[in-house]
Undergrad: 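There's a structure below that I have some questions on.
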Amino acid sequence: MEHTENKTNFITNAINHDIADKVYKNDRIHTRFPPEPNGYLHIGHAKAALLNYRIAQQYNGKFNLRFDDTNPIKEDMEYVDSIKKDLSWLGIDWEDRLFFASSYFEKMANYAVELIKKGLAFVDDLTADEMREYRGNLNEPGKESPYRNRSIEENLNLFEQMKAGKLPEGSRVLRAKIDMASPNMNMRDPAIYRILHTTHHSTKDEWFIFPMYDYAHPIEDAIEGITHSLCTLEFEDHRPFYEWVLSNLNDFQNEPPRQIEFAMLNLTKTILGKRFIKQLVDEKIVDGWDDPRLVTISGLRRRGYTPESIQNFCEAIGIAKNNSTVDIAMLEHFIRDDLKFKAPRLMTVLDPLKVTITNYPEGQVEWVELPLNQEDPEIGNYCTPFSREIYVERSDFLELPPKKFYRLFSGNEVRLRGAYFVVCNEVIKDAAGKVIELKCTYDPATRSGSGFAERKVKGTIHWVDANLSKKVEIHLYDNLIDDDEGLTKDNFLERINPNSLKIIEGYAEPEVMKAKPLEKFQFIRNGFFSADPKYSTLEVPVFNQIVSLKSSWKPEK
RNA sequence: AGGGGUAUGGCCAAGUCGGUAAGGCACAAGAUUUUGAUUCUUGCAUGCGUAGGUUCGAGUCCUGCUACCCCUGCCA
């Protein structure tokens with residue numbers, strides 16, 4: 001994957017220091033992306049996954065994909081599959097290093113036994129509620145559990161029973177024995193194993209106990225030889241426990257992984273919280289995880305975003321510890337930037353107004369030739385039909401034009417892209433006064449490509465032939481939400497933009513009808529569009545608007 | 001008896017040993033243009049949360065404030 005010079009950030013700085021200090025043998029660098037298979041990936045995950053992958057590449061190291069599947073209640077195989085698909089699509093290659101935390105369950109249980117034997121873990125009978133009371137709060141120390149000083153033998157025996165499924169779900173928990181008075185809540189004897197009589201999507205009914213994230217994660221990293229374990233800021237407080245686990249296990253005294261935290265991505269005008277996205281999907285407010293309005297990877301893909309645009313975006317926003325919210329305009333910039341050369345440029349009229357060219361012979365059709373993309377002549381030309389009746393965009397005509405309006409109005413001449421100059425002579429209205437048709441005349445001498453230079457015209461507009469164009473369905477999108485200030489579980493549904501999807505019918509020139517699913521186009525002056533793989537039919541293709549074109553046209557003054 | 005973090009232009013974000021504020025997005029103006037797009041050119045922090053201090057010199061070092069984020073799941 002070709003890409004730019006590597007940007008520096010505080011993580012690469014830290015790695016450079018580790019290398020200078022010879023922390024890891026042969027300067028080996030090994031990263032991982034550890035998603036929990038409990039939902040679809042979104043662009044925030046892309047930032048994290050790409051960060052880990054890029055660092056491995058940059059340092060000639062290795063990258064693992066590891067599913068952190070330690071909680072069978074929330075997880076599902078469907079998510080494993082979608083995550084793999086999305087990461088591959090993003091250009092991330094884990095080679096043969098696909099792992100599952102669940103395949104380390106036996107080892108993790110043995111390490112728990114090691115901790116028990118060292119007097120560093122104990123089985124607790126306290127209920128969840130009692131544990132919460134005993135934990136104390138931010139200002140007061142907690143109390144030690146009455147079960148904290150059980151004998152090692154008793155702990156071993158009880159843990160064995162937990163493991164064997166002989167104890168009821170939730171009845172006991174294995175806890176690390178650290179310090180109930182620690183100012184860091186994560187060090188107040190955190191639970192490391194809970195009893196769950198739930199079928200796991202991959203180990204099935206083999207296990208009745210499941211390790212907690214804080215205990216499992218450092219072990220997973222260490223087993224795989226990870227050097228730098230990158231995660232988000234909220235785990236900063238968990239780092240002391242991460243280090244506690246590794247420092248107390250004999251197997252991990254050499255080159256233990258180092259946890260480094262960075263800020264997660266926030267984006268303006270959209271929903272990025274996993275649980276919010278899931279709620280939209282579950283309540284069918286959106287059309288599944290791949291609804292084009294969502295910033296899930298699958299949603300962006302269906303919308304028409306390219307992997308390159310997402311890679312470039314993630315590269316551009318950088319990595320830091322600062323809580324920040326990136327303007328969605330940044331994402332839009334990178335898809336425009338990527339598609340401007342890649343996407344053929346065709347004509348589609350989204351809000352048609354009929355135009356009759358009164359001096360053009362009735363029944364005549366001529367095919368005019370146009371470049372598929374004038375910025376890349378390599379991809380060639382195509383032809384489109386032109387005749388006496390065409391459609392233009394309703395917004396390209398104004399009865400009372402403001403100053404500097406270069407489009408159609410009575411008496412004004414414009415260029416029809418790829419065809420002729422036309423001048424508007426007459427405006428036809430219906431009984432209600434709505435403009436329903438324009439009568440224009442064309443000048444045969446002005447045909448595109450003829451070299452005509454007698455006079456110039458300020459505006460060029462797009463059009464389609466009225467008889468030979470085809471109906472297409474167009475899905476226009478607007479932001480899912482205005483801003484997420486004060487967004488909560490309860491109010492967030494009513495904050496969703498009711499007009500985030502608008503379905504209209506447009507007319508497309510014949511060339512557009514060749515579109516294959518997910519093929520991307522620029523519809524001249526209307527934006528970038530992608531053929532929807534779900535709803536397109538042979539009769540009526542459906543196009544998703546990826547992003548509009550920028551416009552500096554301001555009607556006033 | 002709280003603890004852990006973060007503050008550089010409208011939004012992101014570089015700023016190694018202290019040497020006189022990169023880049024991108026957005027925005028504005030102009031040029032080119034058969035897309036009011038693209039492209040090009042120009043502009044956009046005497047200033048780095050704030051108040052002091054050290055120094056010939058401070059975004060970088062020291063001290064004190066302030067604001068915001070995270071932590072009291074048998075979630076991750």
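Reminder, nothing fancy here: chain letters follow the sequence lines and each chain counts from 1.
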Undergrad: Is any side-chain nitrogen or oxygen of A/S324 closer than 4.0 Å to OP1 or OP2 of B/A13?
TA: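 Yes.
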Undergrad: What contact category does A/G418 fall into here, base, sugar-phosphate, or nothing, at under 4.0 angstrom with non-hydrogen atoms?
TA: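 Result for A/G418 = base.
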Undergrad: What's A/L196 touching, base or sugar-phosphate or nothing? Going by heavy atoms closer than 4.0 Å.
TA: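 If one applies the 4.0 Å heavy-atom cut-off, A/L196 turns out to touch nothing in the nucleic acid.
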Undergrad: With a 3.5 Å cut-off and no angle check, do the side chains of A/Y382 and A/E509 form a donor-acceptor pair?
TA: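 Checked: A/Y382/A/E509 side chains pair up, N/O donor to acceptor below 3.5 Å.
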Undergrad: B/C25 phosphate, OP1 or OP2: any side-chain N/O from A/H333 under 4.0 angstrom?
TA: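 The answer is yes; a side-chain N or O of A/H333 sits under 4.0 Å from OP1 or OP2.
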Undergrad: What's A/I317 touching, base or sugar-phosphate or nothing? Going by heavy atoms closer than 4.0 Å.
TA: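 If one applies the 4.0 Å heavy-atom cut-off, A/I317 turns out to touch the sugar-phosphate alone, with no base involved.
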Undergrad: Can you find a donor-acceptor N/O pair under 3.5 angstrom joining the side chain of A/N184 to the base of B/G4?
TA: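 Looking at the base of B/G4, it does not pair with any donor or acceptor on the side chain of A/N184 (distance under 3.5 Å).
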Undergrad: When you compare B/C12 with B/C70, how far apart are their P atoms, in angstrom units rounded to a whole number?
TA: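 Taking atom P in both B/C12 and B/C70, they lie 16 Å apart.
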Undergrad: Would you list the pairs meeting side chain to side chain donor-acceptor pair (under 3.5 Å) in which at least one residue belongs to residues 316-327 of chain A, sequence neighbours left out?
TA: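 Only A/E236-A/K321 qualify under side chain to side chain donor-acceptor pair (under 3.5 Å).
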Undergrad: Would one find a side-chain N or O of A/N322 under 4.0 angstrom from OP1 or OP2 of B/U8?
TA: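 A/N322 to B/U8 OP1/OP2: side-chain N or O found under 4.0 Å.
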Undergrad: Just say parallel, tilted or perpendicular for the rings of A/Y391 and A/Y507, cut-offs at 30° and 60°.
TA: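 Taking A/Y507 first and then A/Y391, their aromatic rings sit tilted (interplane angle of 30° to 60°).
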Undergrad: Just call it for A/N13: base, sugar-phosphate, or nothing, with non-hydrogen atoms closer than 4.0 Å on any strand.
TA: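 Since only primed, P, OP1 and OP2 atoms lie under 4.0 Å of A/N13, the category is sugar-phosphate.
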Undergrad: Does A/A101 offer a backbone N or O that forms a donor-acceptor pair with the side chain of A/D69 under 3.5 Å?
TA: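 Side chain of A/D69 to backbone of A/A101: a pair is present.
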Undergrad: Tell me if the aromatic rings of A/F313 and A/Y305 count as close, with their centers under 6.0 Å from one another.
TA: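 Between A/Y305 and A/F313, which both carry aromatic rings, the centre distance is not below 6.0 Å.
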Undergrad: Is the A/F409 ring parallel, tilted or perpendicular to the A/F405 ring (thresholds 30°, 60°)?
TA: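 Tilted, since the angle between the ring planes falls between 30° and 60°.
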Undergrad: A/W463 and A/F386: ring pair (Phe, Tyr, Trp, His ring centres under 6.0 Å), yes or no, with the steps?
TA: CA-CA 9 Å; A/W463 53 277; A/F386 176 78; 5.2 Å; yes
Undergrad: Looking at every strand, decide which applies to A/A128 at a 4.0 Å heavy-atom threshold: base, sugar-phosphate, or nothing.
TA: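 Base, at least one base atom sits under 4.0 Å.
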Undergrad: Would you say A/T8 places a side-chain N or O within less than 4.0 Å of OP1 or OP2 belonging to B/G15?
TA: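 So the side-chain polar atoms of A/T8 do come within 4.0 Å of the phosphate oxygens OP1 or OP2 of B/G15, strictly under.
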Undergrad: Would you please confirm or rule out a distance under 4.0 Å between OP1 or OP2 of B/U34 and any side-chain N or O of A/R447?
TA: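 Negative; the distance criterion is not met.
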Undergrad: What is the ring orientation for A/F452 with A/F421, classed by angle as parallel under 30°, tilted 30 to 60°, or perpendicular over 60°?
TA: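 A/F452 and A/F421: perpendicular rings.
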Undergrad: Got a list of protein N/O to nucleotides 36-38 of chain B N/O distances below 3.5 Å?
TA:
| unit_1 | atom_1 | unit_2 | atom_2 | d |
| --- | --- | --- | --- | --- |
| B/G36 | OP1 | A/R525 | NH1 | 3.0 |
| B/G36 | O3' | A/S552 | OG | 3.4 |
| B/G36 | O2' | A/S551 | OG | 3.4 |
| B/G36 | O2' | A/S552 | N | 3.3 |
| B/G36 | O2' | A/W553 | N | 3.2 |
| B/G36 | N7 | A/R407 | NH1 | 2.3 |
| B/G36 | O6 | A/Y406 | N | 3.0 |
| B/G36 | N1 | A/K404 | O | 2.7 |
| B/G36 | N2 | A/K404 | O | 3.3 |
| B/A37 | OP1 | A/S552 | OG | 2.9 |
| B/U38 | O2' | A/E375 | OE1 | 3.1 |
| B/U38 | O2' | A/E375 | OE2 | 3.0 |

Undergrad: Say we look at B/A28 and B/G10: how far apart would their P atoms be, to the nearest angstrom?
TA: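 After rounding to an integer number of Å, I get 16 Å for this pair.
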Undergrad: Mind telling me whether B/C68 is syn or anti, cutoff 90° either side of 0?
TA: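 Chi for B/C68 falls in the anti range.
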Undergrad: I want to check one thing: is the phosphate of B/U35, taken as OP1 and OP2, less than 4.0 Å away from some side-chain N or O of A/N526?
TA: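 False: A/N526 side-chain N/O out of range (4.0 Å or more) of B/U35 OP1/OP2.
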Undergrad: Taking the side chain as C-beta and beyond, is there a heavy-atom pair between A/P146 and A/Y134 under 4.5 Å?
TA: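 They are in side-chain contact.
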Undergrad: What does A/M212 touch in the nucleic acid at a heavy-atom separation under 4.0 angstrom: a base, only the sugar-phosphate, or nothing?
TA: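 Sugar-phosphate only.
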Undergrad: Name the orientation class of the two ring planes belonging to A/Y104 and A/F99 (parallel below 30°, tilted from 30 to 60°, perpendicular beyond 60°).
TA: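 If you compare the ring of A/Y104 with that of A/F99, the planes turn out tilted.
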Undergrad: Over all strands shown, is A/A419 touching base, sugar-phosphate only, or nothing at heavy-atom distances under 4.0 angstrom?
TA: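 Counting heavy atoms under 4.0 Å across all strands, no contact is made by A/A419.
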Undergrad: Taking the same atom, C1', in B/G4 and in B/U41, what whole-Å distance lies between them?
TA: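 Between the two C1' atoms, the distance is 48 Å.
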Undergrad: For atom C1', what is the distance between B/G57 and B/G19, given to the nearest Å?
TA: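 It comes out at 7 Å once rounded to the nearest Å.
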Undergrad: If I take atom CD in residue A/E234 and atom C1' in nucleotide B/U72, what distance separates them, rounded to the nearest angstrom?
TA: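 Going from A/E234 (CD) to B/U72 (C1'), I get 16 Å.
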Undergrad: Calculate the interatomic distance between A/E261 atom CD and B/G5 atom P; express it in whole Å.
TA: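 Going from A/E261 (CD) to B/G5 (P), I get 9 Å.
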Undergrad: So what does A/F210 hit on the nucleic acid, given a heavy-atom distance under 4.0 Å: a base, only sugar-phosphate, or nothing?
TA: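 It contacts nothing in the nucleic acid.
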Undergrad: Is the distance between the ring centroids of A/H217 and A/Y213 under 6.0 Å?
TA: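 Yes, the ring centres sit under 6.0 Å apart.
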Undergrad: Mind telling me if B/G73 is syn or anti? Syn here is a glycosidic angle within 90° of 0.
TA: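 Base orientation relative to the sugar is syn.
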Undergrad: Give me the ring orientation class for A/W244 and A/F241: parallel if the planes are under 30° apart, tilted from 30 to 60°, perpendicular past 60°.
TA: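 Parallel, since the angle between the ring planes stays under 30°.
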Undergrad: Any base atoms under 4.0 Å from A/H238, or only sugar-phosphate, or nothing? Heavy atoms, all strands.
TA: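 Result for A/H238 = base.
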Undergrad: Taking the inter-plane angle between the rings of A/W289 and A/Y40 on a 0 to 90° scale, is it parallel (under 30°), tilted (30 to 60°) or perpendicular (over 60°)?
TA: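 Plane angle under 30°, so parallel.
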Undergrad: Is the A/F67 ring parallel, tilted or perpendicular to the A/F100 ring (thresholds 30°, 60°)?
TA: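 Answer is parallel, since the angle falls under 30°.
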Undergrad: List the steps, then state whether salt bridge (charged side-chain N to carboxylate O under 4.0 Å, His left out) holds for A/E315 with A/K7.
TA: CA-CA 8 Å; A/E315 192 79 26; A/K7 285 178 78 170; over 6 Å; no
Undergrad: Any residue in residues 263-276 of chain A with a heavy atom nearer than 4.0 angstrom to RNA chain B? Just list them by number, or reply none.
TA: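 Output list: empty, so none.
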Undergrad: Look only at the side chain of A/N52 and the backbone of A/A48, and say whether a donor-acceptor pair between them is shorter than 3.5 Å.
TA: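 Answer holds: yes.
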Undergrad: Given a 3.5 Å cut-off on both pairing distances, which stems involving RNA chain B, each at least three consecutive Watson-Crick or G-U pairs, are present, if any?
TA: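 RNA chain B stems, ordered by first number: B:2-7 with B:66-71, B:10-12 with B:23-25, B:27-31 with B:39-43, B:49-53 with B:61-65.
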Undergrad: For atom P, what is the distance between B/C48 and B/U34, given to the nearest Å?
TA: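 That atom pair is separated by 48 Å.
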Undergrad: What is the separation between atom CZ on A/F10 and atom C1' on B/U16, rounded to the nearest whole Å?
TA: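 Going from A/F10 (CZ) to B/U16 (C1'), I get 17 Å.
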Undergrad: Expressed as a whole number of angstroms, how long is the span from A/Y242:OH to B/A76:C1'?
TA: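 In whole Å, B/A76 C1' and A/Y242 OH are 15 Å from each other.
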Undergrad: Using the closest heavy atom to pick a nucleotide of RNA chain B for each, name whichever of A/D124 or A/N9 lands nearer the 5' end.
TA: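 Its nearest nucleotide lies further toward 5', so the answer is A/N9.
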Undergrad: Of A/A191 and A/D327, whose nearest nucleotide on RNA chain B comes first from the 5' end?
TA: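 Its nearest nucleotide lies further toward 5', so the answer is A/D327.
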Undergrad: Can you list, by residue number, the residues of residues 70-77 of chain A that have a non-hydrogen atom closer than 4.0 angstrom to RNA chain B?
TA: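 The stretch gives A/T70, A/N71, A/K74 as the residues lying under 4.0 Å from the strand, ordered by number.
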Undergrad: Write down the atom of A/M264, the atom of A/K47, and the distance for their closest heavy-atom approach.
TA: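 Smallest heavy-atom distance, with atoms named: C-NZ, 4.0 Å.
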Undergrad: So does A/L400 have more than 12 non-hydrogen atoms from other groups sitting under 6.0 Å from CG?
TA: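 Result for CG/A/L400: open.
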Undergrad: For B/U33, does OP1 or OP2 lie under 4.0 Å from any side-chain N or O of A/R417?
TA: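 Result: no.
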Undergrad: Classify the nucleic acid contact of A/L331 as base, sugar-phosphate or nothing, counting any heavy atom under 4.0 Å across all strands shown.
TA: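 Contact class for A/L331: none.
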Undergrad: Do the charged groups of A/R150 and A/D125 touch, with an N to O distance under 4.0 Å?
TA: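 Yes, charged N to carboxylate O under 4.0 Å.
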Undergrad: Which parts of residues 129-142 of chain A get close to RNA chain B, meaning a heavy atom less than 4.0 angstrom away?
TA: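 When residues 129-142 of chain A is checked for heavy atoms under 4.0 Å from RNA chain B, the hits, listed by number, are A/M131, A/R132, A/R135, A/G136, A/N137, A/L138, A/N139, A/P141.
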